[in-house]
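As a basis for the values below, the full set of heavy atoms in this structure was taken, side chains included, without hydrogen atoms, waters or symmetry mates. Here the structure is a predicted model, which means the values were calculated and not measured.
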Amino acid sequence: MDFKDFTAARDDSDRRLNKVVLRIFEAEKVQNNIFPLIRKGLIKVNGKKTSAEYKVQENDVIQVAAFLLHKDETSATENESKAKKVFPFSLEQITVFRNEHILIVNKPAGVNVQPAKDCPFCLCDLIEEDFNGKKGTSISFRPGPLHRIDRWTSGLVAFSQSTEGAKWFTENIKNHSIKKQYMGITQGDYINKEEKYEDLIYVPESSSTKYGTVICGGTSGKNAITCARFIKKTEIQGIKCNVVSFDIETGRKHQIRAQSAFHAHPLLGDTAYGGIKLKDKMFFLHAFKLTFPANPLGLPEEIMADCPFLQ
């Protein structure tokens, strides 16, 4: 029986065999029930039959029976053609930082980080296409977003470029060692130069939809902490408003939008939370700075992206 060989790279290490093989099948655009194939010895590691739970190591040779990878070339070509997307900008145009572990981009407002029905493309599409074009040596690793911002929020978003990068970034987001700062335009008058909000944010089941809002200031939900700093007064489309910076200590859905509105300062244009409707924008919010602790990934102490509505 003929087998096709796939050599595991560093980013494949310690992943279960069935998970790595799943990626092989996805790349080959074929569908198979993996577990019985492993049990029958149609999928081997280093020439030996093993279990689906086996943890793959760097330089392992995963052997897949060649007949399992046969596919309908006509159907595959049609599917690839349908899947092809047109992007209004290149990855290079929005890249702020990139190395072998982490990619950080400056996302334009109006673009989703992940797929959505009413958005023709998303950042994940663009970055996946870039990754596939490079033909990396890893079998199972795929780049992915390490945190999220809303579609109509612009600014910095980090994507993994290696398993090591993904693990470090995820761990330090969870323990709040990575700090995120935003700039926004709000309504209302600030009595104090600095206001700290600490409220419960509840996400109703109906809020699982993309337009779902959250409930702030109730008696249930998860704790959300935001520090708002008034910078100056400004005027947009004849409306007097404020330039404000936000530091967030937690990362709840719509945190800045919901807490600002609850404390009488909705984002200008954010009609979902009581903001005045504008002609061209839904609202003004930009993730302008990421600050990192000392790290093994080669990340600088801070990364910034100019705020488009303050230029």
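- Proximity of the aromatic rings of His286 and Tyr182 is defined here by a centroid distance below 6.0 angstrom, and this criterion is not met.
- No side-chain donor from either of Gln181 and Ser245 sits under 3.5 Å from a side-chain acceptor of the other.
- No donor-acceptor contact under 3.5 angstrom links the side chains of Asn99 and Gln161, judged on distance only.
- A continuous path of hydrophobic side-chain contacts links Trp152 to Val113 [ILVMFWY only; heavy atoms under 4.5 Å].
- Inspection of the Lys232 and Asn242 side chains reveals no N or O donor paired with an N or O acceptor under 3.5 Å.
- The aromatic rings of His263 and Tyr197 lie parallel to each other, with less than 30° between the two planes, well short of the 60° mark.
- The ring of His101 has its center no closer than 6.0 angstrom to the ring center of Phe169.
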>> As a quick check of understanding, evaluate side chain to side chain contact (heavy atoms under 4.5 Å, CB included) for Thr7 and Asp60, giving each step before the final call.
In response: CA-CA 6 Å; Thr7 302; Asp60 276 351; over 6 Å; no
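- For His265 (side chain) and Gly188 (main-chain N/O), no donor-acceptor pair under 3.5 Å exists by modelled atom type.
- Between the NZ atom in Lys174 and the CG atom in Asn172 there is a gap of 11.5 Å [rounded to 0.5 Å].
- Between Lys179 and Glu249, none of the side-chain N atoms (NZ, or NE/NH1/NH2) sits under 4.0 Å from a carboxylate O, so this pair counts as no salt bridge.
- One finds a salt bridge joining Arg98 and Asp130 here, because a Lys/Arg side-chain nitrogen approaches an Asp/Glu carboxylate oxygen to under 4.0 Å.
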>> One pair to check against side chain to side chain contact (heavy atoms under 4.5 Å, CB included): Phe121 and Val111. What are the steps and the verdict?
In response: CA-CA 8 Å; Phe121 68 92; Val111 176; 4.0 Å; yes
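- The NZ atom of Lys44 sits 13.0 Å away from atom CG of Leu17, with the distance rounded to the nearest 0.5 Å.
- Taking CG from Asp150 and NE2 from His254, the interatomic distance works out to 4.0 Å, rounded to the nearest 0.5 Å.
- By the criterion of side-chain heavy atoms lying less than 4.5 angstrom apart, applied directly or through intervening Ile, Leu, Val, Met, Phe, Trp or Tyr residues, Val61 is not grouped with Phe25; the two fall into different hydrophobic clusters.
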>> One pair to check against salt bridge (Lys or Arg N to Asp or Glu O under 4.0 Å): Arg229 and Glu194. What are the steps and the verdict?
In response: CA-CA 4 Å; Arg229 294 185 180 87; Glu194 183 173 314; 3.3 Å; yes
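- For the pairing with Ile185, the side-chain contact (heavy atoms from CB on, under 4.5 Å) check across Leu285, Asp270, Leu310 returns one residue only, Leu310.
- Within the structure, every pair that satisfies the side-chain hydrogen bond (donor to acceptor under 3.5 Å, both in side chains) test and touches residues 16-27, not counting sequence neighbours, is listed here: Arg16-Asn18, Arg23-Glu26.
- Residues Gln57 and Asp14 bring a donor and an acceptor atom of their side chains to less than 3.5 Å of each other.
- Within the 4.5 Å cutoff, the side chain of Ile62 has heavy atoms near those of the Val56 side chain.
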